[in-house]
Amino acid sequence: MIVFATSDKGGTGRSVTCANIAYRRALTGDNVAYVDFDFGSPTAATVFELGSAVRAHPGGGVHSYLQGRTAEPVRLDVWSLSEREALRGSLRGAGRLCLVPGDVGGGEFPADEAVTRRCANLFLALEEEFAVTLVDLSAGRSYAIDIALRTTARPELRDVVTRWLVFHRWTRQHLEATAALVRDERGILQIGAHWGHEQDALEGRVRYVRAAVPGIDLPEQDTGFPAAGHGLRPEQKEWLKACDAELTRRSGKLGLGRTVTLGTVPLDPVLQWREQLITDEDVLMPQIANRETAEAFQDLADGLTDESRWETL
Amino acid sequence: MTGASDDGATLVMVGEVRTGLLMNRLPLEADAVAELLDLVPGERVRTRERPVPRAVSPDTLYGVDCPLVTRSGGRVRAIGTLAARACVVGGRVVQGSTRGVLIAGGDRRLPWSHYLECPGVVELTGRGTAADVATRFLSSRDPESLDPGAVSEAQVARLRAARLLDHRPPFHPRRTRLRWSAVVDREGFRGAFTLADRELRTLRLTIARTAQATPEQLAALCEDVALHDWLLTTVPAVVDSACGTRRGDADHGELRVVIDQLLHLWMPGTDTPPGLGEIWDRLEARPGLTRQWSACVRRVRDHLALRTLELLQDHRAARPPG
Amino acid sequence: MTAHGEDAAVGPAADWVYRESSADLRTRAVPYSHLSVELGHLYMEDFTAGPDRLRAHFAQVAPWAATARSLAGPRRRISTCFLVDDYFTPFSSPAEVIPMVVRAAAKAGLRIDYLARESACAEANGARVAPLLLARLVEEPPVGTASGTRPPAAESGWLCNGVRSRSDVAPQAMSTATAWEPPLELGARRHSVFVDAQLWSTERDGRRLWSCPFLAAVWQMLRLGLLRDRGEVVLPPESWEEDAFPDRWDLLPPVVRLNPQATPFWAYRTFSVLDTRFLPVEHAVRVILDHTAADPVALRQVAERSEKEGLAVPSRLTERILYAFTATGTEGGGP
């Protein structure tokens, strides 16, 4: 299975969320590959703390591979190469977790037939060895999305299950922009149809992830942190609740409602300061990260293959 | 291009074999395999039914012109063609195999047609013998130097994209790479088989001239070693994880695939001509491939027996008394 | 394209052999003349110019054919052939064309042993021919190619003898732009004659149309006896037993033996007398053949046969092909 992750705007925590989903999934025993297609700013290596490993292979990343400068992109095994102690040495029962990085200093580039063919080769090669391949695409109407749509329309990828996760924050601006990215002119569905996808089927493979959602009602003792509503006057709390309700209504109208949302990631202080993988140790001892965050990541990881959540409505 | 019977000339070869699972839910039938491997119009796929079904595609040539490092650290230039082919064993395991015979060349690059007269031959210009280069080849990490592995990967990629396949492999084992070098010389047999990391293995061979090995036979031998190494890398890992799961948790999907589709492929030495049989003798002595395999197979059987016992117990416990 | 057609199950001194027929691969051998002389190549514009033009053509060709015969030496087997275009612009019919051509040749003292249809170089009787040569093309690697995995000419439809000036790499955003670099003929001494030959084009209905140079290269390989299709001979000449030739080209065998006493169609060397307008085409043919890895078994068969006769055949394919270019005053360009 190949899962593409994108968003209209930056700042949704897409990359760090996907990295955490990949991590959780690998813990359950599946082999997982994470491909950094964020051509404008490939930074996944930071989340996995693979900086030196990536620097040891200059010109060996996805950019160089797609443009024909190298025969194969490098695959970095997180368990053995990460600079973070907690990730070293794979846990019993965990599958492989590999990063296919972008090139340091690489930028965006347009696709042609040769690029698409190499991309198809890469996706198939990963599908052979990895049960789940997460592809982190650049935000907005990018060449990366174009390449992804064009490649997955090719006949050799017809049998491979491909799914799309579109990330957005919980604000009116994000909701509108996200709906436009998916449904409007030159959006994902239209461009997908242009390259040969069947539009309804493609839409059925898209789900949304609400990212960095501030909690309003969570009592302080559960999180250990002041909730967003803490210290507010009752009128302010009422106003926030009304906002939330309005956003919920709006999301339904725009086609981003609960039924097509795969999950919600709460706003987490750790991730606001540092983009990293949240391990179970981080949640339990000491209690640095929120339990809810880890649970949200686990839920998303499970949701990737929970067929009931992907049924077309 | 002649084989080892060249008087006074040693035969030096390098190559790389990549082995993985064919991207199909079930093993392919023989006709489908022949169609899959029909990669070169006008050439024929070679197939064999016994003892294990194996089919080999015709060769495709790839031109190269790149540096190579010798044992002493000097650089030579390699110009010529690598010969690559794909094999499918049991309709289940796919291999991309690339080889090149290294010989001494002149000082300059000659017209391209010269290199096409000897397919699969790479000429070395510069100071350093072919044997020096072969030694260094196995440990080379230089991305610019000769890369038969990339050509093997291209062969496998060609098969992967075939419409004939349903692209739903039953499980996702790791691929393995076997980088090899062979020198045919006056002296007797010497060799080293190394597991460099989880994916890469190296095989260094020195063979006596009396073995009369041809380049194609050497390549077939390395493909055979690579296949069995892949089986030994893949199957015990599946068995480990199946045996390691707690009672009641077990999902035996992967184990089932291994039992149904992979166990019968263990047949070392099939493609080895009599003169090269010594290699298998050595591998069976150290590390003892078949010994490990047999232990693994026994473990599978015992585990299944144990599981059956557990199921019977659970069944009996679930039934109401009387 | 195996370097050896050997069966791994047989050892050097085996008293027991196990064989499977599907692993047994044999390549048929053919007999060879010493020289194959092409007396002409007929296109529609040549035909519509009338029998006089044909006679003038053969009158020009005759002295060259005689020279070739004397240069080849005494008691040499020499066969002649003639090619008719029924691929690019089919015209008339065998019943009309063949007797006319044979008469015109006879007037100049020439005899046509074999007559071939150009479309046969593309495909014949449902069997593909041109793809056999395409499969044997191996592109020349530029310096610094460690694995030669760039997409081959078989996909792009173009074959060149060096490095093209256009970069294969799409420009990246915010990268330093590269200056234009001219193309380069690989292996040139100082200066380049860079050739980029089109091997085929795609018609509007999706059909592939092979180019004149590519079919001409196939034609040379046929005459040299180096093409095999799964071990079988490609387009063996056939006799036409009936009195009248058919009225459609596709009813005629791909290669017809007009002279029952002719020496073999295949030869160690070829010699072709062509109008100068074909010079660029034949240059492209030589580029194609310089990038052809011929079937090693077929090459070995030629070498063995010629050695038995005490002859040395050059190993390079393009050294087996000779030309004389003449000008018969035709106005039209190539097809």
Side-chain angles (χ1 to χ4, degrees), chain B residues 1 3 34 39-50 55-56 58-67 77 79 81-83 85 98 101 109-121 143-151 153-154 212 214-217 220 271-275, chain C residues 1-14 18-20 22-25 128-150 152 161 186-187 227-232 234 286 289-296 299 315-319:
Chain B
M1 188 61 220
L39 300 172
V40 181
E43 289 286 330
R44 290 160 289 192
V45 175
R46 279 185 297 171
T47 61
R48 176 197 80 202
E49 273 304 307
R50 302 183 185 181
V56 181
D59 283 338
T60 306
L61 296 179
Y62 291 79
V64 293
D65 179 350
C66 60
R77 187 176 171 193
I79 312 173
T81 54
L82 296 174
R85 64 195 194 175
T98 305
V101 176
R109 177 161 163 162
L110 296 171
W112 186 236
S113 54
H114 164 83
Y115 301 100
L116 294 182
E117 286 161 28
C118 297
V121 171
E144 282 173 5
S145 72
L146 194 69
D147 195 359
V151 180
E153 181 62 35
Q212 291 192 307
T214 65
E216 216 253 316
Q217 287 174 340
D271 287 297
T272 308
Chain C
M1 248 189 267
T2 49
H4 296 267
E6 285 163 41
D7 189 342
V10 181
Y18 173 74
R19 251 198 202 108
E20 290 189 31
S22 49
D24 221 2
L25 307 176
R128 60 212 168 160
V129 179
L132 300 179
L133 179 60
L134 189 65
R136 301 212 155 264
L137 294 185
V138 183
E139 272 171 285
E140 196 168 358
V143 178
T145 308
S147 56
T149 50
R150 296 184 167 262
N161 64 352
L186 282 169
L227 281 185
R228 300 285 184 280
D229 191 354
R230 299 184 200 277
E232 296 299 326
V234 180
R286 295 176 75 81
L289 293 180
D290 274 340
H291 287 78
T292 300
D295 185 335
L299 284 174
S315 46
R316 192 169 169 179
L317 294 180
T318 46
E319 285 175 25

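These numbers come from the heavy atoms of this one structure, side chains and all, not from hydrogens, waters or symmetry mates. Note on naming: letters A, B, ... go to the chains in the order of the sequence lines (proteins, then strands), and numbering restarts at 1 for each one.
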Do the non-hydrogen side-chain atoms of [X] and [Y] ever get within less than 4.5 Å of each other?
X: C/P141; Y: B/Y62; result: no
X: C/V143; Y: B/R77; result: yes
X: B/R109; Y: C/E140; result: yes

Which bit of [X] is near chain B, if near means a heavy-atom gap under 4.5 Å: side chain, backbone, both or neither?
X: C/L186; value: side chain
X: C/R228; value: backbone
X: C/T292; value: backbone

Enter the distance from [X]:[atom1] to [Y]:[atom2] here, rounded to the nearest 0.5 Å.
X: B/L61; Y: C/H291; atom1: CG; atom2: NE2; answer: 13.0 Å
X: C/E139; Y: B/T81; atom1: CD; atom2: OG1; answer: 14.0 Å
X: C/L25; Y: B/E43; atom1: CG; atom2: CD; answer: 8.5 Å
X: C/T145; Y: B/I79; atom1: OG1; atom2: CD1; answer: 10.5 Å

Quiz item: After noting the C-alpha distance and the side-chain angles of B/W112 and C/V138, does the key distance pass the side chain to side chain contact (heavy atoms under 4.5 Å, CB included) rule?
Solution: CA-CA 9 Å; B/W112 186 236; C/V138 183; 4.1 Å; yes
Quiz item: Charged N to carboxylate O below 4.0 Å: is that the case for C/E232 and B/R44?
Solution: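 Salt bridge flag = no for B/R44 with C/E232.
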Quiz item: Side chain, backbone, both or neither: which part of B/E49 has a heavy atom under 4.5 Å from chain C?
Solution: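 The answer is both parts of B/E49.
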Practice problem: Against chain C, label B/V45 side chain, backbone, both or neither, depending on which of its atoms sit under 4.5 Å from a heavy atom there. | Solution: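 When you check distances to chain C, only backbone atoms of B/V45 fall under 4.5 Å.
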Quiz item: Any sub-3.5 Å donor-acceptor pair from C/E20's side-chain atoms to B/R50's backbone N or O?
Solution: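 Yes, the answer is positive, given that a donor and an acceptor are paired below the 3.5 Å cut-off.
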Practice problem: Taking all heavy atoms of B/S113 and all of C/R316, pick out the closest pair and write down the distance. | Solution: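 Minimum heavy-atom contact is OG-NE, 2.9 Å.
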